[in-house]
Participant: 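Sharing a structure, written as structure tokens. Questions coming.
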There are 2 protein chains.
Amino acid sequence: MARDRSLPRRATIHDVAAVSGISRGTVSRVLNGEPYVSDRAREAVEAAVREVGYVRNTAARNLVTQRSGAIALIVHEPHSLVLEDPNIGNILLGTNAVLSEADYQMVTLILDSVRDSERVAEYLRGGFVDGAIILSARVGDPIALAVAELGIPAAFVGHPPNAPEIPFIGIDNLSAAREITTRLVDTGRTKIGMVAAALDRDSGQDRLAGFIEALGKQFNPSLVVDYPLYAYDTGAEGMRELLRREPAIDGVFAASDAVAAGAMDVLRDAGRSVPGDVGIVGFDDSSWAIRCHPMLSTVRQPAYELGRQAALQVLNQLRGGPRPSGGTLLQTEVVWRDSA
Amino acid sequence: MARDRSLPRRATIHDVAAVSGISRGTVSRVLNGEPYVSDRAREAVEAAVREVGYVRNTAARNLVTQRSGAIALIVHEPHSLVLEDPNIGNILLGTNAVLSEADYQMVTLILDSVRDSERVAEYLRGGFVDGAIILSARVGDPIALAVAELGIPAAFVGHPPNAPEIPFIGIDNLSAAREITTRLVDTGRTKIGMVAAALDRDSGQDRLAGFIEALGKQFNPSLVVDYPLYAYDTGAEGMRELLRREPAIDGVFAASDAVAAGAMDVLRDAGRSVPGDVGIVGFDDSSWAIRCHPMLSTVRQPAYELGRQAALQVLNQLRGGPRPSGGTLLQTEVVWRDSA
DNA sequence: TTGTAAGCGTTATCAA
DNA sequence: TTGATAACGCTTACAA
């Protein structure tokens with residue numbers, strides 16, 4: 001990190017005060033639109049501000065006010081997958097809508113390496129943000145720990161297992177998975193498998209648990225394969241493996257729509273018809289779902305709302321509200337289309 | 001924006017100095033690993049740091065050092081589309097790799113509203129970042145202007161028309177478009193259309209210009225439709241319109257792979273075979289390209305490298321290097337598959 | 001309504 | 001090698 005002090009020095013309140021002939025205190029009051037300033041003073045200050053091209057140094061202001069006006073949105077994903085996850089975009093959107101409305105700047109911090117984690121922790125400690133929203137935290141996430149330790153207002157989107165006492169906003173992955181798997185059973189499928197993913201996250205674990213619950217004694221562990229990522233390739237590989245293990249497989253729960261898309265392409269190549277030979281369901285109701293042929297039955301996540309509520313939760317803590325110890329689970333909705 | 005000062009007061013250098021019996025100056029030296037400190041002093045300070053649980057207040061440090069150790073990555077997109085663009089992820093990845101290596105924190109600022117723009121401009125002025133990388137700037141982008149005015153080290157990814165004098169890293173959209181369109185001509189297509197998009201950006205404009213150049217006098221303006229976004233829906237709508245205008249159309253250049261995917265689905269529904277009846281090419285070489293049936297011929301963008309170079313450019317300016325007035329265009333590569 | 005002055009938590013300068 | 005002390009640019013009592 002190097003320094004470049006060749007930039008022209010920026011005007012400060014001192015300059016404005018000098019030029020306008022008004023004291024720094026009053027200049028500050030004018031700048032902040034506070035009452036108890038005469039029109040004369042205000043005008044003189046405003047003229048001086050224009051004259052010297054003054055812009056506020058927020059870093060200095062932060063130092064004294066002890067706040068930054070920024071809130072971190074921490075995304076914990078291998079970078080290239082940030083864009084693959086259809087939910088993150090909508091969560092971002094919901095969060096930003098609320099934060100923007102409250103005049104907070106949302107700053108997104110993306111991290112996938114240990115080095116990134118340490119730097120982000122340092123950044124959070126540095127007073128750059130007044131609060132944090134943490135997406136897709138993993139088990140034992142160091143950033144989650146750092147945030148908890150710092151004690152700044154925070155919320156999780158999702159519900160990391162063994163998480164520190166930070167409130168969360170999530171969906172009931174288990175119930176949703178149970179419900180959509182039940183459909184497979186009800187339509188007479190008897191050899192039902194699952195391509196699971198992301199078992200290091202609550203969402204991955206809970207979807208698997210729901211699948212198992214729905215099948216009850218019909219559950220066959222050898223018909224479950226799992227991979228690290230919610231990705232198209234996961235679905236493709238997983239489906240090939242499942243077909244190998246049980247050529248007569250007739251039902252598949254894919255841990256996400258992207259996974260389902262990969263699985264469907266493999267099924268087609270293997271000469272299986274959907275939903276004729278194999279019924280398949282996904283999770284997310286992302287753009288993948290409607291681009292599949294046939295279109296995918298899946299679970300709709302209220303991603304935008306998740307982002308909104310997490311932001312509201314942080315804002316509430318910022319306003320001195322309590323930090324709830326538990327969390328909130330939002331409703332999901334099963335969308336029935338043609339794949340099962 | 002509210003304040004919550006009920007947090008426990010954090011220990012400062014004063015506390016460390018008091019507890020260790022060492023002056024603030026020396027404490028600061030120890031903390032920054034500077035030379036000229038005795039082992040005795042160092043140990044005393046380190047013990048005191050642990051005892052009082054001291055962590056540095058970066059805001060205060062920034063005030064005096066005039067730097068933040070953070071660099072903004074500004075993404076100018078309608079939020080939900082951030083995730084649709086296959087390049088952004090890789091650009092992020094490349095940028096972060098370089099910045100992380102140099103120990104800078106990358107903070108991503110996403111904006112789509114005017115309100116967002118103003119807040120981000122304010123944020124940039126606030127001294128929160130030492131430099132900025134601007135993605136997908138539009139014509140007359142207010143943030144680009146703000147950055148230029150601020151005079152902080154900066155670079156564009158892409159080459160906005162009429163951009164302020166900020167260096168850019170981009171690709172030669174025009175040549176690439178010309179090259180891939182030529183393929184359509186060379187394979188004997190005679191009624192060639194284009195589904196253009198994002199004409200408010202350099203990429204959109206240049207791809208259209210390349211298309212026009214490649215066709216020469218064969219160019220037929222009525223076979224060009226254009227839409228605001230590089231999106232699947234753009235391709236679907238655009239293809240329907242093109243078929244309406246010219247049912248015998250036999251070649252299509254889609255402004256991006258997502259657009260091409262939408263167009264291909266419409267072609268299929270309309271009973272046209274690809275590449276038999278219609279040859280089609282895209283742009284990006286994103287995951288869309290290999291999920292199409294048949295797989296898409298397209299242009300590969302060095303997105304990761306774009307991000308890398310933009311970051312290097314900013315770092316170089318930060319180190320006092322010159323701010324070049326022009327830009328750099330990276331090579332693209334045409335990937336021939338089965339769609340044309 | 002305004003000016004003065006004391007911080008905010010660091011780093012940096014300069015004697016000692 | 002160390003300790004005072006003056007910045008950094010701003011807000012905020014408090015006094016006038």
Side-chain angles (χ1 to χ4, degrees), chain A residues 1-3 5 7-46 48-49 52-69 122 125-128 130, chain B residues 1-3 5 7-46 48-49 52-69 122 125-128 130:
Chain A
M1 299 199 285
R3 212 195 293 193
R5 291 296 82 218
L7 299 177
R9 195 184 71 84
R10 273 166 48 162
T12 72
I13 277 198
H14 287 80
D15 302 319
V16 176
V19 169
S20 64
I22 308 275
S23 77
R24 278 147 64 200
T26 301
V27 170
S28 176
R29 274 168 225 130
V30 171
L31 259 22
N32 293 302
E34 281 172 24
Y36 302 118
V37 269
S38 65
D39 290 349
R40 205 195 102 274
R42 175 171 325 270
E43 281 158 21
V45 167
E46 283 167 353
V49 163
V52 302
Y54 170 82
V55 301
R56 160 187 294 142
N57 178 324
T58 313
R61 161 186 257 197
N62 293 349
L63 180 59
V64 42
T65 58
Q66 306 278 44
R67 45 183 310 296
S68 69
E122 170 73 18
R125 275 194 288 272
F128 286 89
D130 297 335
Chain B
M1 299 200 284
R3 213 195 290 194
R5 292 295 84 219
L7 298 176
R9 196 182 72 84
R10 275 166 44 164
T12 71
I13 279 198
H14 286 81
D15 302 321
V16 176
V19 168
S20 63
I22 309 274
S23 75
R24 279 146 62 200
T26 303
V27 170
S28 176
R29 273 171 224 129
V30 172
L31 260 20
N32 293 302
E34 282 172 24
Y36 302 117
V37 267
S38 65
D39 289 348
R40 203 194 104 275
R42 179 177 317 279
E43 281 156 23
V45 167
E46 282 166 355
V49 163
V52 302
Y54 169 82
V55 301
R56 162 188 293 142
N57 179 323
T58 314
R61 160 185 258 199
N62 292 349
L63 180 59
V64 41
T65 57
Q66 306 279 40
R67 43 183 311 295
S68 68
E122 170 71 19
R125 275 193 289 271
F128 286 88
D130 298 335

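As the structure is a prediction and not an experimental result, all values here were calculated from the model.
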Participant: Base, sugar-phosphate or nothing for B:Asn32? Non-hydrogen atoms, less than 4.0 Å.
Facilitator: sugar-phosphate

Participant: What does A:Val45 touch in the nucleic acid at a heavy-atom separation under 4.0 angstrom: a base, only the sugar-phosphate, or nothing?
Facilitator: nothing

Participant: Looking only at side-chain atoms of A:Val64, point me to the closest of D:dT2, D:dC10, C:dA12.
Facilitator: D:dC10

Participant: So what does A:Ile22 touch, heavy atoms closer than 4.0 Å: a base, only the sugar-phosphate, or nothing?
Facilitator: sugar-phosphate

Participant: Check whether any side-chain nitrogen or oxygen of A:Tyr36 sits under 4.0 Å from OP1 or OP2 of C:dG3, and answer yes or no.
Facilitator: no

Participant: If you assign each of B:Arg24 and A:Thr26 to its closest nucleotide in DNA chain D, which residue comes earlier from the 5' end?
Facilitator: B:Arg24

Participant: Among D:dT1, C:dT4, C:dT13, which is the nearest nucleotide to the side chain of B:Arg29?
Facilitator: C:dT13

Participant: Starting at atom CZ of A:Arg61, determine the distance to atom P of C:dG9, rounded to an integer number of angstrom.
Facilitator: 18 Å

Participant: Under 4.0 Å, heavy atoms only, any strand: does A:Arg56 hit a base, just the sugar-phosphate, or nothing?
Facilitator: sugar-phosphate

Participant: Taking only the side-chain nitrogens and oxygens of A:Gln66, find out if one of them lies under 4.0 Å from OP1 or OP2 of D:dT11.
Facilitator: no

Participant: May I have the distance from A:Asn57 (atom CG) to C:dC8 (atom P), rounded to whole angstrom?
Facilitator: 18 Å

Participant: In whole angstrom, what separates A:Arg125's CZ from C:dG9's C1'?
Facilitator: 17 Å

Participant: Quick check against the 3.5 Å criterion: does A:Ser68 have a side-chain atom that pairs as donor or acceptor with the backbone of A:Phe128?
Facilitator: yes

Participant: A:Ile13 has an atom CD1; how far is it from atom C1' of C:dC8, in whole Å?
Facilitator: 14 Å

Participant: First locate atom OG1 of B:Thr65, then atom CG of B:Asn32, and finally report the distance between them rounded to the nearest 0.5 Å.
Facilitator: 10.0 Å

Participant: Picking from C:dT11, D:dT2, C:dT2, which would you name as closest to the side chain of A:Ser38?
Facilitator: C:dT2

Participant: From CG of B:Asn62 over to P of C:dT11, roughly how many Å is that when rounded to an integer?
Facilitator: 10 Å

Participant: For B:Ile22, is there any backbone N or O sitting under 3.5 Å from a side-chain donor or acceptor partner on B:Thr26?
Facilitator: no

Participant: What is the separation between atom CG on A:Leu63 and atom C1' on C:dG9, rounded to the nearest whole Å?
Facilitator: 6 Å

Participant: Donor-acceptor pair, B:Ser28 side chain versus B:Arg24 backbone, under 3.5 Å?
Facilitator: no

Participant: Measuring from atom CZ of A:Arg42 to atom CZ of A:Arg29, what distance do you get when rounded to the nearest 0.5 angstrom?
Facilitator: 11.5 Å

Participant: Using whole Å, what does the distance between atom P of nucleotide D:dT1 and atom CZ of B:Arg42 come to?
Facilitator: 10 Å

Participant: Rounded off to whole Å, could you give me the CZ-to-P distance for the A:Arg40 and C:dT2 pair?
Facilitator: 6 Å

Participant: For B:Ala41 and A:Glu34, find the nucleotide of DNA chain D closest to each by heavy atoms; which residue's nucleotide sits nearer the 5' end?
Facilitator: B:Ala41

Participant: Check whether any side-chain N or O of A:Ser28 sits under 4.0 Å from OP1 or OP2 of D:dT11, and answer yes or no.
Facilitator: yes

